[in-house]
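The block underneath contains the structure these notes are about, expressed in structure tokens.
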Amino acid sequence: MASASQLSTTSDAPSQVSMLQQSLTDTLLEQNRNPVYCSGTWRVTSNDIILFYGENEGTRRLAIQGATPAQLAHLANSCDKATFGVNQEDVLDESYRKAGKLDADRFAWNFQALNLVDRIKQVLFTMDSKPREIRAELYKLNVYGPGSFFKSHKDTPRGEDMFGSLIVVLPTPHEGGELYLRHGGKAWVYDSASELANLSEGDGPKVGYVALYSDVEHEVASVKSGYRITITYNLYFATEQNAPSPKPESPPSIEPVTALLGDLLAQPDFLPKGGLLGFGLLHEYPFPQREQTVTSIAPLEAVLKGSDRVIMNAVRQHGLNAALYIVYRATGAVYRSCEDAEVISQKYIQWSTENEVADLDRVLVKHYGGIVTISKHREDANEEWCWKKMTKEEHPITWITPKTTHNSFKDVYLAYGNQASIGHVYGTMVLVVKVGAPGDRYDLTVLEKTDADVDAEWEALVKEKEAERAARAEQPAEANELSESIPTSQFQRNCETLRDLISPLSARPPAS
Ligand SMILES: O=C(O)CCC(=O)C(=O)O
Ligand SMILES: [Fe+2]
């Protein structure tokens, strides 16, 4: 029957889209299986594991292989107490971290990390057809004697290009000191003590190692006996590789994602008028903290990790217009009855306030290329007349993987790091892709308004309002009620509030 087949076509079409969309979401979330760390043992020579430590005339040489407990105790006693960072301050608190440390200027060893780093690169960057070059920078030596531990923390980012840490565990007899790792709701344990103890005699010396992305939470369990000695390195992307190639070759792991994304875009019922496609990223990234300035997060595209790289590579393979954004949410008592407004921006703004920023959407749209994805300026929000039009243009996002939002970065300041640092804080980002209507998905137009656009719109609005007022003045009967709902003093107050909000944050003063 004609009508039946018509019915089934129309009811099948959306379900195919939603099925494809769900598969893409599932496939991407499954990419969560991309390793966030790798670990094992690594063969070394006895020369590799000779340590030199101390200062000036007091420098000592310690061959780890065959080292006596007294020699290891001397190393332990030569260490300073290890501190860590909380709320950007260096803290010594032995109820949180009990360990000895030597900074990189107080020790040296022969081990060359190059080949190990190469191995790590292959495991942690399988999604790249040509894995990124990485480099390891010697950071610290830590000694954990009996009763030593380090509770849960994330390693403090020391630059936008730092993506992880490498911990090398020396083959000294010890029990306990397991390293617990957690990320994205999953947990693992690396027990270097058992791995090193189980090596067969004839194998020659080996070290244990674990390399983890910096946003992986980790903790060292209490050492029960012996000395657990670790040498840590900070892992960076090497700068010469930092330019991402626009259309990378397709390595196997990204193929299903690329194919599903292609199938979804080919559906005429998927975003029939075009629109925005969003992917919440699974990892956190170091946002630069520079006082009183606003920084772009666009360069962080070069340092994406794990499944986040898979998403970006797939989107780039389709030649789509994509960029990294921060999702800001504006809440506040004023808008209690409305849905929270949401604005995306490529700018990381260091909100100095711990309070909610109720006018966030206005500030972002006017000054930071913000795009309104959910507007709080519903039709009934009369008192918001001056901003209503400018921000009413909603660009809703179809989320493939759940979004992450940010208002203030208060939480990250309070997080435990392995060093006090004011340089960077961890932040979450989303990838937003602009797609055109079916048949022409490759929409390269920009959504962000320029300052001139916003100023022109503002002027047009003021003129429009003035004209309305003038018209009402000629009809006195209804004028009072309406004009009272938008008194000039209210308008001025709005503008003043906005200026107050912007001035401590903006690098450039707002146009008066
Ligand atoms: O020594 C270890 O195993 C880990 C040390 C650590 O997590 C750190 O120094 O940040
Ligand atoms: Fe750490």
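Quick caveat, the model's predicted, so the values are computed rather than measured. Whatever order the structure lists ligands and atoms in, that order sets their numbers, starting from 1. Nothing fancy with the numbering, it's 1 onward along the sequence.
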> Less than 4.0 Å between a side-chain N and a carboxylate O, is that true for Asp308 and Lys305?
Replying inline: no

> Can a cation-pi geometry be assigned to Lys101 and Tyr139, taking NZ or CZ under 6.0 Å from the six-membered ring centre and within 45° of the ring axis?
Replying inline: no

> Counting from 1, what ligand 1 atoms have a heavy atom of Asn142 closer than 4.0 Å?
Replying inline: 9 (O)

> Is Arg135 salt-bridged to Glu137, cutoff N-O under 4.0 Å?
Replying inline: yes

>> Before moving on, can you tell me the angle at the Fe ion (ligand 2) between the OD1 atom of Asp155 and the NE2 atom of His153, to the nearest 10 degrees?
In response: 100°

>> Contact between ligand 1 and Arg228 is defined here as a heavy atom of the residue under 4.0 Å from a ligand atom; is it met?
In response: yes

> Does His153 have a non-hydrogen atom less than 4.0 Å from ligand 1?
Replying inline: yes

> With no hydrogens and no angle check, do the side chains of Glu217 and Ser152 hold a donor and an acceptor under 3.5 Å apart?
Replying inline: yes

>> If you measure every N or O of Asp155 against every N or O of ligand 1, does any of those distances drop under 3.5 Å?
In response: yes

> With a cut-off of 4.0 Å, which atoms of ligand 1 are near a heavy atom of Ile167?
Replying inline: 2 (C), 3 (O), 4 (C)

> Does Arg97 reach ligand 1, in the sense of a heavy atom lying below 4.0 Å from it?
Replying inline: yes

>> Tell me whether Glu219 is salt-bridged to Arg182, with the criterion being a basic N under 4.0 Å from an acidic carboxylate O.
In response: yes

> Looking at Val220, which atoms of ligand 1 are within less than 4.0 Å of one of its heavy atoms?
Replying inline: 2 (C), 3 (O), 4 (C)

>> Any heavy atom of Tyr144 closer to ligand 1 than 4.0 angstrom?
In response: yes

> In terms of the angle between their ring planes, are Phe125 and Tyr213 parallel, tilted or perpendicular, with boundaries placed at 30° and 60°?
Replying inline: perpendicular

> With no hydrogens and no angle check, do the side chains of Gln346 and Ser296 hold a donor and an acceptor under 3.5 Å apart?
Replying inline: no

> If you check every N/O/S atom of His218, which is the one nearest the Fe ion (ligand 2)?
Replying inline: NE2

